[in-house]
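Just below is one structure, and these are the notes that go with it.
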Amino acid sequence: MEPFAKTGGLADVAGALPLALGRLGVEIMIVMPRYRGIPSQQKKIAENVSIHFIKHEVFFNRASLYGNKNGDYPDNLERFAFFSHAALLAAKKAKFKPDVVHVNDWQTALGPVFLKTKFLNDPFFQKTKSFLTIHNMAYQGIFPRRLYEVLELDPALFSMGGFEFYGRINLLKAGILFADALGTVSPAYAQEIQTKEFGFGLEKVVQRRASHFTGILNGIDTKVWNPKKDSWIEARYSDANLEGKALNKAALQRSLGLEIDPGIPFFGMVTRLAEQKGLEDFAEIADDFLSQKVQFVLLGDGDGVYHTTFRNIGARHPKNTSIHLGFNAKEAHQIYAGCDFLLMPSLFEPCGLGQLISLKYGTVPIVRQTGGLADTIIDCDADAENGNGLSFSGRFSKAFFQTLNRSIKVYKDKQRFRKLQKTGMRADFSWKHSAQAYKQLYQRLARS
Ligand code: ADP
């Protein structure tokens, strides 16, 4: 949860949604592991919202959240089983009797299971319902069968109708089966995960529970992401005053050692370096694309193979390319503010925040039509009036390349490009609407 710990979009969601719900009068107790560097214990952080950190020196005082260079931490099952259990106990200890326990992803998918097993007869949770949000179906929390006893659950639950997944333990699967209601972070993704292509082996399980699924788009935290107030960027600006954006572009070109020229279309990527993000497709077309009069900056962290891929791309195109391998919040803000276009050729994207942030910063998103990207980005050639970006579909990098070339044409038509920027900046992707939708969902669930 932002600002305490972050590896990707879930942190943005966890940081913003509870506060937006708090403003709507929902009382919330957030529970998260006390990862390294998090100072305090329990505290109130906003109206109606408190946070409680679960402390465990061995499990959580580590350099990263889920793993290191060598892969996932081998004791992740113990770590998150402990956490899910401790979170429910913490609610009891705080005498915070929840109407709904809202858990996220495999790390806390055991919450709904524990409520219906270990806590089944606990009067404290008699009326409590559970809700599981899936932020990314590609991460399921899969562990060897021999670790099952760690969960201290009935061995009979290691079955097709429970944890068992091709002979191994699958926490997300159990969560999907046990939660009273389920959600994903965009309507399109809620449909997609029922198919073989996007279900990662759980499509049948999702289909079984399809009537309990809702897709609610994530918002962005406009306190963090706002070009009018952003103190990390060179100049502040708004849709009524886009000159400030030009200053950010020049500052970014300067700091990256690129040619300072407002006329060169400047493309950026801020991303986890993972297969999901469509990086192979970018690599395939990189040489053709970067041989043109364009500039490109990548800020990314993740899989070592992609570190190498992008280092090599940078080495082949040193004049107009800048590659930054690492996680850096400030640089991310400067890229969103300074670039003309943001690339998100993701193979799948449950919601995606990058495209929403870039819209807010007048940086035109170029996306593959999938999941939340399909739900939020309208191609300007398909719909001149409402268009807010450019998009392509299918699995071929050629379509991506053609769309990049299309974007260069759009860029050269100054008036058209301005209109695109402004359409994006004026859209409201704050949490207001989504928080309202979550509140209604909780209320329905609590009454059911
Ligand atoms: P995902 O959750 O799959 O990583 P999202 O688009 O939902 O993708 O969210 C990504 C979030 O993480 C955005 O806020 C983005 O700006 C941020 N981010 C991703 N990579 C980096 C990085 N290398 N440095 C700084 N911020 C990053």
Side-chain angles (χ1 to χ4, degrees), residues 1-2 4 10-11 13-34 38 40-56 80-135 151-153 171-172 174-185 209 212-214 216 218 431 434-448:
M1 174 186 163
E2 274 248 287
F4 305 109
L10 175 58
V13 177
L17 175 60
L19 303 191
L21 283 164
R23 286 193 288 273
L24 297 175
V26 182
E27 274 178 75
I28 299 182
M29 174 177 169
I30 302 167
V31 190
M32 75 173 274
R34 188 172 173 190
I38 296 175
S40 62
Q41 285 291 28
Q42 170 124 30
K43 63 174 181 191
K44 187 174 168 183
I45 53 171
E47 193 56 31
N48 294 324
V49 185
S50 70
I51 183 158
H52 182 95
F53 297 105
I54 301 290
K55 191 175 164 190
H56 191 297
F80 290 101
F82 165 80
F83 174 71
S84 299
H85 193 244
L88 294 170
L89 291 178
K92 261 185 97 166
K93 195 160 166 223
K95 299 197 171 54
F96 186 97
K97 197 178 271 193
D99 297 306
V100 178
V101 171
H102 184 171
V103 302
N104 297 284
D105 285 345
W106 69 262
Q107 287 87 343
T108 48
L110 284 167
V113 181
F114 289 164
L115 279 170
K116 292 213 169 96
T117 52
K118 293 178 199 276
F119 293 92
L120 183 65
N121 296 317
D122 188 327
F124 190 80
F125 291 112
Q126 270 323 290
K127 294 203 171 128
T128 300
K129 296 287 175 19
S130 62
F131 180 70
L132 164 66
T133 296
I134 299 172
H135 296 260
L151 301 178
E152 294 175 346
L153 290 169
L171 298 188
L172 192 65
I176 294 172
L177 291 169
F178 277 78
D180 293 309
L182 298 134
T184 63
V185 286
R209 305 240 38 219
H212 294 86
F213 258 99
T214 321
I216 301 176
N218 287 335
W431 272 101
S434 305
Q436 199 53 263
Y438 274 105
K439 183 178 174 184
Q440 282 164 6
L441 198 147
Y442 294 156
Q443 284 172 327
R444 268 204 312 277
L445 196 53
R447 277 197 304 266
S448 66

| Inter-residue atom distance Phe119.CZ - Leu88.CG, 0.5 Å rounding | 5.0 Å

| task | Quick one: which residue pairs count as a side-chain hydrogen bond (donor to acceptor under 3.5 Å, both in side chains) with a foot in residues 101-117, not counting sequence neighbours? | result | His102-Thr133, His102-Tyr442, Asn104-His135, Lys116-Asp180

| task | Please confirm whether the backbone N or O of Ser448 pairs with a side-chain atom of Lys129, one donor and one acceptor, at under 3.5 Å? | result | yes

| So which heavy atom on Gly15 is nearest to which on Pro18, and how close? | C-CD, 4.3 Å

| Side-chain touch Trp431/Leu19, heavy atoms, less than 4.5 angstrom | no

| Do Thr128 side-chain atoms and Pro98 backbone N/O form a donor-acceptor pair below 3.5 Å? | yes

| Which distance, rounded to the nearest 0.5 Å, do you find between the CD of Gln436 and the CZ of Arg23? | 12.0 Å

| Taking every non-hydrogen atom, the tightest pair across Gly175 and Val113 | N-CG2, 4.3 Å

| Do Phe53 and Val31 have side-chain heavy atoms sitting under 4.5 Å apart? | no

| said: Measuring only between side-chain heavy atoms, which start at C-beta, is Leu115 closer than 4.5 Å to Phe178? | reply: no

| task | Determine whether Leu132 and Leu172 make a side-chain contact, defined as any pair of heavy atoms from C-beta on separated by less than 4.5 Å. | result | yes

| request: Measure the CD1-CZ distance between Ile51 and Phe4 for me, rounded to the nearest 0.5 Å. | output: 4.5 Å

| Heavy-atom distance under 4.5 Å between the side chains of Leu110 and Leu171, does that happen here? | yes

| request: Please name all residues satisfying side-chain contact (heavy atoms from CB on, under 4.5 Å) with Ala435, sequence neighbours left out, ordered by chain then number. | output: Leu17, Ala20, Leu21, Leu24

| request: Can you measure from CG (Leu182) to OG (Ser130) and round to the nearest 0.5 angstrom? | output: 8.0 Å

| Counterpart residues, salt bridge (Lys or Arg N to Asp or Glu O under 4.0 Å), relative to Lys97 (two or more places apart) | none

| Those residues that, when tested against Glu152, pass side-chain contact (heavy atoms from CB on, under 4.5 Å) (two or more places apart) | Lys118

| request: Mark yes or no for whether Gln126, through its side chain, and Leu120, through its backbone, hold a donor-acceptor pair below 3.5 Å. | output: yes

| request: Please report the closest heavy-atom contact between Val103 and Pro112, naming both atoms and the distance. | output: CG2-CD, 3.7 Å

| request: For Arg209, check side chain to side chain donor-acceptor pair (under 3.5 Å) against everything at least two apart and list the hits. | output: His212

| task | Enter the distance from Lys95:NZ to Phe124:CZ here, rounded to the nearest 0.5 Å. | result | 8.5 Å

| About how many Å separate CE of Met32 and CD1 of Ile54, when rounded to the nearest 0.5 Å? | 11.0 Å

| remark: Residue set satisfying salt bridge (Lys or Arg N to Asp or Glu O under 4.0 Å) with Asp99, at least two apart, ordered chain then number -> none

